[in-house]
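Letters A, B, ... are given to chains in the order of the sequence lines, protein chains preceding strands, and every chain is numbered from 1.
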Number of protein chains: 2
Amino acid sequence: MRAAIFRKGDLVVDQVSDPRPAEGQVIVKTLACGICGSDLHAFHHAGHMADAMKRTGAREVMDPGRDIIFGHEFSAEIVEHGAGTAGTLKVGTRVCSVPMSITLQGEQANIQSVGYSNEVPGGFAEYMALNEMLLLEIPNGLSSEHAALTEPMAVGWHAVEKAHMTPEDVSLVIGCGPVGLAVIAGLKIKGASPIIAADFSPARRALAKAMGADVVIDPAKVSPYASWQEMALPEGFDPYNIATLLGMGPMPRPGVIFECVGVPGIIQQIAEGAMKGTRVVVVGVCMERDSFEPLFAITRELNLQFVFAYTPEEFALTLHHLAEGKIDVAPLITGRVGLDDVKSSFAALANPEAHAKILVEPWR
Amino acid sequence: MRAAIFRKGDLVVDQVSDPRPAEGQVIVKTLACGICGSDLHAFHHAGHMADAMKRTGAREVMDPGRDIIFGHEFSAEIVEHGAGTAGTLKVGTRVCSVPMSITLQGEQANIQSVGYSNEVPGGFAEYMALNEMLLLEIPNGLSSEHAALTEPMAVGWHAVEKAHMTPEDVSLVIGCGPVGLAVIAGLKIKGASPIIAADFSPARRALAKAMGADVVIDPAKVSPYASWQEMALPEGFDPYNIATLLGMGPMPRPGVIFECVGVPGIIQQIAEGAMKGTRVVVVGVCMERDSFEPLFAITRELNLQFVFAYTPEEFALTLHHLAEGKIDVAPLITGRVGLDDVKSSFAALANPEAHAKILVEPWR
């Protein structure tokens, strides 16, 4: 089959062997697969990323010296059932799956990350091998393109779940890339209000509005933290007013900040901008060492909830959110390319004015 | 009156004016006042500490260029009622108070930190001015020495409250200085089990045992994190076992780590040693910039709850815990000195084998 392959630091299109189904697996034809920020990071810093994953205790870590086929945000169509499958979903059924490939060795599971593995191909290839038990049928006539966004949207939904939102919370989303936009979509479904979102890019701010942000802010012009505090604090709020100190005055609404940037320095920026007791959900994946001044977090009694990925249940629920029209991902999809254009798309995604999510459609 | 005064970077004993009660204040005679780690920090890095407090938004910050009388862990005796007091507690009553001095300017409260202020003396002086409404009578014949430990013990209690303990939690306390010991005492009152505590000092480990730790660990010999994980994980636990992956096998108990050291590098050490989903309560007050690798916190989905001080209610409850014998602070008190020995005590506290808490008794 044809695939866009990460090979010796480059992205090349080449023929590779078709995947073979392990016990319990099916072969699927890739319909659409999004390019994720992590893919860009892996492309530019594969060695560093692999080392970091190894140091955090991951057991199966890709070897950047060998071929890797990226792509973990996909929709696909069943083309063949392997041994030990039930065949409940017929050939031709369109499906999604969490990007994991599980094979058994006795009672031990061997888990490969679909999209970051030397062993199993990800979605930037014509075909993949997926576990039948992880397949979710795409419901309700949802388009394959939109279904491919289940994965990044599930990241946002998981982050919102971890925030344990209350009706009083005033939310601030820092960074409106696909992760931040997914968080906004999740907040909207939860009924959170107001939702404030900040990004330097006008196009990203427009997308934030489209996904449900009530207020969008250009941090080059206005402090997002000041605007957010203004909405959380009662008019004329004075922390040194006697009634306030005695707990008898109007109190600030609780604040939640979603960190969706993932670069060094953002946590300190948030700690400086936060209010007493703010919950910070760290969704951005910063792969470098970061530094901050704990005293800000201490005196404000901040809570930092670091989050990662999603549960299978959250993934399945997200697919239904898409199918039921609770999230409209259409505005996020800014490009559709074949395998030959994967490499140029990686470059094009550097410009937030031009792109949010580019889908790779290997059949093109 | 006599006082040990922080003056131009030194600690000197000198005569200063007696404090005068503002509206609603009483004058008290200091009975006992503990030396806190923050006092040592302020002694050595007063300028840096004042700058840091200013940057985090504190309104009233001490000027290290002018006299400061430290001491915020105190018990005292009422000697005089000022104007606008009710006199409910008579002269001679022994009391504690949160270390705050509040004076009013219209509806605005002017709040001074007793112990870190140029305006109001702390407990390393014969007399203090305290707000009548903040006074708590020392109950139940509790000794004045033990009552002076209400403040540091309240810090530990607050941290434990912020951990939202469940009966399943396996607790690890990193650092057994007074803060770590206060956390252990709080965990014991909550019925937490097991409580694992780690400190390089044999004397501190003995105190941890005395305060209620079930297991004490010398990090020079054994990894506290490995020992703690061993208690949290079911025997023979294998995260890659199929039954475990399907949520049908025995699951790890939830883990809570209390960071009670407060120096750069500890957060990264904890992030590396933590299990998936560990709650980390940061009680140590690190006043320097710190660095860490977010990826560890992200892939483990850690929750970092930074905590600071306590509420007035927690302070009052802690005094009752002491009075009811729920915490025995006797083993912590390793020295009692007069004002002339405050400076040498600051030096002596550098040795954890010799000292935990030294009480200053200005009447000696």
Side-chain angles (χ1 to χ4, degrees), chain A residues 49 52-53 55-60 102 104-111 133 158 162 238-246 249 259 262 264 266-268 271-272 276 279-280 282-309, chain B residues 49 52-53 55-60 102 104-111 133 158 162 238-246 249 259 262 264 266-268 271-272 276 279-280 282-309:
Chain A
M49 185 166 157
M53 293 308 290
R55 293 187 56 232
T56 58
R59 193 166 66 161
E60 302 288 344
I102 303 175
L104 295 183
Q105 293 168 313
E107 287 188 4
Q108 278 262 315
N110 176 26
I111 303 176
M133 71 170 186
H158 176 67
K162 285 287 206 178
D238 170 10
Y240 295 97
N241 178 278
I242 273 291
T244 304
L245 281 166
L246 293 174
E259 190 286 274
I266 291 285
I267 287 178
Q268 174 64 15
E272 291 184 19
K276 178 103 182 166
R279 286 129 57 214
V280 181
V282 181
V283 205
V285 179
C286 175
M287 300 228 186
E288 295 161 70
R289 186 169 272 271
D290 195 2
S291 84
F292 76 119
E293 293 175 81
L295 198 61
F296 283 88
I298 291 166
T299 52
R300 281 153 204 203
E301 297 210 294
L302 301 188
N303 184 280
L304 265 64
Q305 175 66 59
F306 293 83
V307 300
F308 189 60
Chain B
M49 185 165 158
M53 295 307 290
R55 294 188 54 234
T56 58
R59 193 166 65 162
E60 300 288 344
I102 303 175
L104 295 185
Q105 293 168 312
E107 286 189 5
Q108 277 262 313
N110 176 25
I111 303 176
M133 72 171 185
H158 175 66
K162 285 286 206 180
D238 171 11
Y240 295 97
N241 179 277
I242 274 291
T244 304
L245 281 167
L246 294 174
E259 190 287 272
I266 290 284
I267 287 178
Q268 174 63 15
E272 291 185 20
K276 178 103 182 165
R279 284 126 61 212
V280 180
V282 181
V283 204
V285 180
C286 176
M287 301 229 186
E288 295 160 70
R289 186 169 272 270
D290 195 1
S291 83
F292 77 118
E293 293 175 82
L295 197 63
F296 283 87
I298 291 165
T299 54
R300 283 154 202 200
E301 298 209 294
L302 301 188
N303 184 280
L304 265 65
Q305 175 66 60
F306 292 83
V307 300
F308 190 58

Notebook entry, point to check: Where is the tightest heavy-atom contact between Arg300(A) and Thr56(B), given as atom of each residue plus distance?
Noted result: NH2-O, 2.8 Å
Notebook entry, point to check: Looking at CG of Leu245(B) and CD1 of Ile111(A), how far apart are the two atoms once the value is rounded to the nearest 0.5 Å?
Noted result: 4.5 Å
Notebook entry, point to check: Got more than 12 heavy atoms from elsewhere within 6.0 Å of CD, Glu107(B)?
Noted result: no
Checklist line | Heavy-atom pair of closest approach, residues Phe308(A) and Ile298(B) | finding: CB-O, 3.2 Å
Next item on the list: Return the option, out of Pro264(A), Pro239(A), Ala271(A), Ala109(A), with the maximum number of heavy-atom pairs under 4.5 Å with chain B.
Entry: Ala109(A)
Notebook entry, point to check: Heavy-atom distance under 4.5 Å to chain A: side chain of Glu288(B), backbone, both or neither?
Noted result: backbone
Next item on the list: Measure across Pro294(A) and Cys286(B) and return the closest heavy-atom pair with its distance rounded to 0.1 Å.
Entry: CB-O, 3.8 Å
Notebook entry, point to check: Between Leu302(B), Val280(B), Val285(B), Asp238(B), which residue shows the highest count of heavy-atom pairs closer than 4.5 Å to chain A?
Noted result: Leu302(B)
Check: Is the centre of the Phe292(A) ring less than 6.0 Å from the centre of the Phe292(B) ring?
Finding: yes
Check: Among Met287(A), His158(A), Gln268(A), Glu272(A), who wins on heavy-atom pairs under 4.5 Å with chain B?
Finding: His158(A)
Checklist line | Straight-line distance of Leu295(B) CG to Arg55(A) CZ, nearest 0.5 Å | finding: 9.0 Å
Margin query: How close do Glu301(B) and Val307(A) get, counting heavy atoms only, and between which atoms?
Written below: OE2-CA, 3.2 Å
Check: Measuring heavy-atom distances to chain A, does Asp290(B) have an atom under 4.5 Å in its side chain, in its backbone, in both, or in neither?
Finding: both
Notebook entry, point to check: How many angstroms lie between CD in Gln108(A) and CD1 in Ile242(B), if you round to the nearest 0.5 Å?
Noted result: 9.0 Å
